[in-house]
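It should be emphasised that the depicted structure is a prediction, and the values quoted were computed from it without experimental measurement. Computed from heavy atoms alone, side chains included, the values below leave out hydrogens, waters and symmetry copies. Residue numbers start from 1 in every chain, and the chains themselves are labelled A, B, ... in the order their sequence lines are given, proteins ahead of strands.
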Amino acid sequence: MTIDQAQLDQLKQTLQADDYRLDVDVQGDQADVAIVAGPDACEECLVPKPLMQSMLAPVLGVQPESIRLTYPADKG
Amino acid sequence: MFDSIVDPTVGAPGDDRGRTSLATRPARLSGLRLGLLVNTKRNAADFLEELSALLESEYGVTTVLTRTKPSIVHPAPPEMLEEFRGETDVVVVGVGDCGSCSASAVADGLQLEAAGIPAAVICSDAFRVSADAMADLQGTPGYEYVTTAHPVASLSREGVRERAVQALPQIVGMLTRSSAAVAS
């Protein structure tokens, strides 16, 4: 497992443009990823989870299905 | 709410999720029917309206169809694509000025290409990651689109007009060049 820090930073910047923050915790071949909304975040601007997982997987060096992804609405 | 969003990653336009073949480009735009596929992001309609005016005055197209997608997340529904297929020769899609709308704009572009309609997709540069990810997921990595600086939503009408002027050469090139609009 190797995190591509440059790509991760790029992904964070992309999310930041929609006022989202990306929190990542990778342990072995599993990753916990939380996307946190800022005050100006547009709820519909997040891509669907399958697409987000496909974007995250090569960056985090894990399989898409090994990423536990939490969106702001999940915190309900 | 996010779980209820229709997933634009389902149902790729290419055959068997293979690479989407791009439509054959016309040699020139003069006399062609232009379609505009607009999303609901702020300034998207103004951006395409400015482009439409430029394409009409400088390249001789006629804008015959403008449709606004129901949401920024979803690709255009099949009935909307059918309208473009029946009534237009080339289509401009935009503006992908957020994560989900840039991805869905690329999905729209690929759907149009698969339907035989040359398309030029506009995304803002901050969202290349999600636009490219959608192209990859749809089996067409390297799909090219036109970028403009982020943000678009906060621009004045004059600012939008300037961006349209800047984007015009790329739009024309993407709609007319004979080579496929996909990087090798």
Side-chain angles (χ1 to χ4, degrees), chain A residues 2-24 26 31-76, chain B residues 1-12 17 39-44 68-75 95-108 110 123-141 143 147-154:
Chain A
T2 306
I3 295 177
D4 185 328
Q5 196 59 49
Q7 282 196 47
L8 181 59
D9 289 344
Q10 192 177 26
L11 188 52
K12 285 182 175 180
Q13 285 173 12
T14 296
L15 285 161
Q16 198 170 36
D18 281 330
D19 199 22
Y20 285 102
R21 191 184 78 233
L22 182 66
D23 292 339
V24 174
V26 179
D32 285 300
V33 177
I35 294 178
V36 181
D40 296 322
C42 143
E43 197 173 27
E44 284 194 314
C45 290
L46 276 180
V47 300
K49 282 185 175 179
L51 182 56
M52 184 63 76
Q53 285 166 317
S54 77
M55 293 160 68
L56 285 163
V59 174
L60 301 180
V62 299
Q63 295 300 309
E65 58 272 17
S66 301
I67 299 171
R68 288 187 291 268
L69 181 59
T70 305
Y71 271 9
D74 298 334
K75 304 252 183 195
Chain B
M1 187 280 177
F2 294 98
D3 286 337
S4 67
I5 291 172
V6 173
D7 182 359
T9 64
V10 174
R17 283 192 174 259
N39 66 27
T40 53
K41 287 296 285 185
R42 180 175 159 77
N43 277 339
T68 302
K69 297 202 299 179
S71 86
I72 60 173
V73 181
H74 305 171
V95 175
D97 194 30
C98 73
S100 61
C101 57
S102 60
S104 70
V106 165
D108 288 327
L110 289 169
C123 294
S124 61
D125 56 6
F127 300 103
R128 285 178 183 273
V129 171
S130 46
D132 290 344
M134 176 58 82
D136 289 351
L137 203 67
Q138 299 269 2
T140 312
Y143 177 72
T147 57
T148 189
H150 175 76
V152 172
S154 59

### Message
Tell me whether D18(A) contacts the main-chain N or O of C98(B) through its side chain, where contact means a donor paired with an acceptor under 3.5 Å.
### Response
no
### Task
With a 4.5 angstrom heavy-atom cut-off, could you sort out which part of S71(B) is near chain A: side chain, backbone, both or neither?
side chain
### Task
Search all heavy atoms of C42(A) against all heavy atoms of I72(B) and return the closest pair with its distance.
SG-CD1, 4.2 Å
### Query
Quick check: does any side chain N or O of S100(B) sit under 3.5 Å from a backbone N or O of E44(A), one acting as donor and the other as acceptor?
yes
#### Entry: Region of S54(A) in contact with chain B, defined by heavy-atom distances below 4.5 Å
side chain
### Message
Can you tell me how far apart CE (M134(B)) and CE (M55(A)) are? Round to the nearest 0.5 Å.
### Response
9.5 Å
#### Entry: Over all atoms of both residues, closest heavy-atom pair of A103(B) and L51(A)
CB-CD2, 3.7 Å
#### Entry: Any donor-acceptor pair under 3.5 Å from T14(A) side chain to A126(B) backbone
yes
